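Written out below as structure tokens is the structure these notes cover.
This one's a predicted model, so the numbers in the text were calculated from it and none came from an experiment. Just so we're on the same page: letters track the sequence lines, and every chain starts at 1.
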Amino acid sequence: MSKKPSIPKGTRDFNPEEVTRRNYIFNVIKETFALYGFQPIETPSFENSETLMGKYGEEGDRLIFKILNSGDFLSKVDDKLYSEKDSNKITTKISEKALRYDLTVPFARYVVQHQNQITFPFKRYQIQPVWRADRPQKGRFREFFQCDADVVGSTSLWQEVEFVQLYDAVFTKLGLKDVTIKINNRKILSGIAETIGAEDKLIDFTVALDKLDKIGEDGVKKEMREKSISEDALQKLQPLFSFKGSNDEKLNALSEMLKTSELGMKGVEELEFIAKTIEKLGLQTASLQIDVTLARGLNYYTGAIFEVSAPAEVNMGSIGGGGRYDDLTGIFGMPNISGVGISFGLDRIYLVLEELNLFPKTVSENSKALFINFGNKEALYAMEAITNLRNAGIKAELYPDDTKMGKQMGYADKRNIPFTVLAGEKEMEAQQYTLKDMKSGAQSSVSYSELEKMLAQ
RNA sequence: GUGGUUGUAGCUCAGCUGGUUAGAGCGCCUGAUUGUGGUUCAGGAGGUCGCCGGUUCGAACCCGGUCUUCCACCCCA
């Protein structure tokens with residue numbers, strides 16, 4: 001019992017059914033990405049630490065898995081440093097590589113590194129696992145997949161419009177109706193902070209505001225006070241707490257509130273273009289909703305911010321997110337390249353589809369027929385038929401051992417293989433096969449061509 | 001990183017205020033059925049009670065530590 005092997009906290013094994021279902025989601029997303037003109041790239045599982053560290057804030061650094069150097073890594077740590085016991089300092093000496101934390105920063109690195117080979121605007125998608133040294137909880141793992149699509153090298157708002165459509169297309173194909181695509185704009189948040197005189201506390205302000213639907217108006221105010229945002233500022237913020245109505249009404253209210261802020265008004269204009277355009281083009285099943293409290297933690301967003309919420313009844317938080325970042329590649333020394341991207345949270349989408357029972361009855365990847373093994377002579381006869389069936393594209397297999405028939409039948413039963421084929425001495429003499437339908441129990445003696453015909457259905 | 005929670009047979013779980021050989025259902029194996037699975041019947045195997053230490057005459061049960069599960073917070077997909 002204690003010796004039973006296990007996997008690390010927050011990681012998972014996937015059984016055949018789970019892999020099939022995950023591939024189904026992957027395929028829908030990939031097809032749609034391709035349909036919208038995105039091309040796949042892949043980057044390594046681990047990067048140089050300096051590529052990742054400091055890109056996700058202090059909290060992010062803590063959650064990055066560091067890889068220990070090879071060899072006698074401790075010999076490079078002098079006694080003084082060692083005795084200080086400062087983990088952060090020592091880490092830089094004993095670890096120079098780290099596991100990928102998301103796909104966006106490695107993508108930025110990729111763009112800067114390969115800028116001479118890339119034709120801009122560059123539209124790429126990437127589906128790979130990422131790792132976070134987080135504590136697992138519902139829908140949160142330490143190893144999980146991200147599915148990202150990004151465009152760099154264009155500031156056009158048409159990209160944002162397309163991403164909204166892309167979200168709608170994917171979730172419609174997956175049968176997940178009524179997802180809400182929430183949209184906001186970092187410029188609006190900055191504008192509000194400016195208007196209420198708290199521009200120096202933009203991050204604290206947005207993080208608190210983001211929690212509105214979770215901790216309520218009083219909770220948000222309490223947190224803002226704790227971050228020493230003034231009462232005067234809170235007073236000016238009051239309209240935000242009762243922000244309701246259609247996207248149009250919200251836009252009007254925002255223009256009124258932000259008329260003194262040039263940056264804020266720019267944000268309103270951007271939001272208005274996206275919302276109005278989507279309104280004209282229409283969406284299939286999703287709805288686009290302006291949400292001024294949407295902030296998202298990532299510091300690098302500068303324009304639009306997206307977040308997709310699962311239908312309310314499943315209580316799963318966000319199943320996707322994204323936004324525009326004007327200066328992502330700037331951190332790698334390539335300024336003034338604007339990017340915008342979105343991400344799908346595969347693992348959470350899986351949980352949602354499962355909870356709502358939305359996985360289609362997938363085409364079985366199972367064998368169509370199991371040939372019973374009666375011994376080497378008979379098995380050869382069976383194998384000839386199996387080879388022909390496989391050449392005809394029909395999944396078939398031979399039970400490898402000539403054990404008791406009951407066991408072989410039981411195996412077919414447990415694996416849900418719909419047909420068994422009996423080919424023993426009698427059948428060989430007659431050049432026939434006994435085909436048994438495992439569901440009905442009916443069996444008939446058939447020739448090879450009849451066998452192939454019946455299994456082909 | 002903080003707080004709580006969970007761990008007993010392959011799986012899902014019982015196990016009383018600490019008391020002798022720790023149970024059930026399902027699954028598994030064998031046989032009834034030597035060319036027939038899914039049903040039925042009879043029998044059988046399988047657990048140092050997560051791990052380490054402590055209290056006690058005695059620990060699955062109490063205490064401490066550790067790992068794990070799940071949940072919330074921080075943060076995030």
Summary of protein contacts for nucleotides 26-38 of chain B, nucleotide by nucleotide, where a base hit scores B, a sugar-phosphate-only hit scores S (4.0 Å, heavy atoms): --SS-S---BBBB
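- Which of B:U69, B:C74, B:A77 sits closest to the side chain of A:F141 comes down to B:A77.
- Comparing B:U20 with B:C61, their P atoms sit 14 Å apart, to the nearest whole Å.
- Taking the ring centre of A:F46 as origin, the terminal cationic atom of A:R100 falls outside the region bounded by 6.0 Å and 45° from the ring axis.
- Of the side-chain N and O atoms in A:Q146, none sit less than 4.0 angstrom from OP1 or OP2 of B:A77.
- With sequence neighbours left out, the salt bridge (charged side-chain N to carboxylate O under 4.0 Å, His left out) criterion links A:K407 to no other residue.
- With sequence neighbours left out, A:D326 forms a side-chain hydrogen bond (donor to acceptor under 3.5 Å, both in side chains) with A:T302, A:S338.
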Secondary structure string for RNA chain B (Watson-Crick or G-U under 3.5 angstrom, | for other-strand pairs): ((((..(..((((.....[...)))).(((((.......))))).....(((((..]....))))))..))))....
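- A:R140 contributes a side-chain N or O that forms a donor-acceptor pair with the base of B:C75 under 3.5 Å.
- Side-chain nitrogen and oxygen atoms of A:K138 include none within less than 4.0 Å of the OP1 or OP2 phosphate oxygen of B:C71.
- Under the rule for a side-chain hydrogen bond (donor to acceptor under 3.5 Å, both in side chains), the partners of A:R415 that lie at least two apart in sequence or sit in another chain are A:N366, A:E397, A:Y411.
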What pairs of donor and acceptor atoms, side-chain ones from residues 7-14 of chain A against any protein atom, are under 3.5 angstrom apart with sequence neighbours left out?
from	atom 1	to	atom 2	distance (Å)
A:T11	OG1	A:P8	O	2.6
A:R12	NH1	A:D347	OD1	2.9
A:R12	NH2	A:E143	O	3.2
A:R12	NH2	A:D347	OD1	2.8

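- Using a 4.0 Å cut-off between a side-chain N of Lys or Arg and a carboxylate O of Asp or Glu, A:E226 and A:K222 qualify as a salt bridge.
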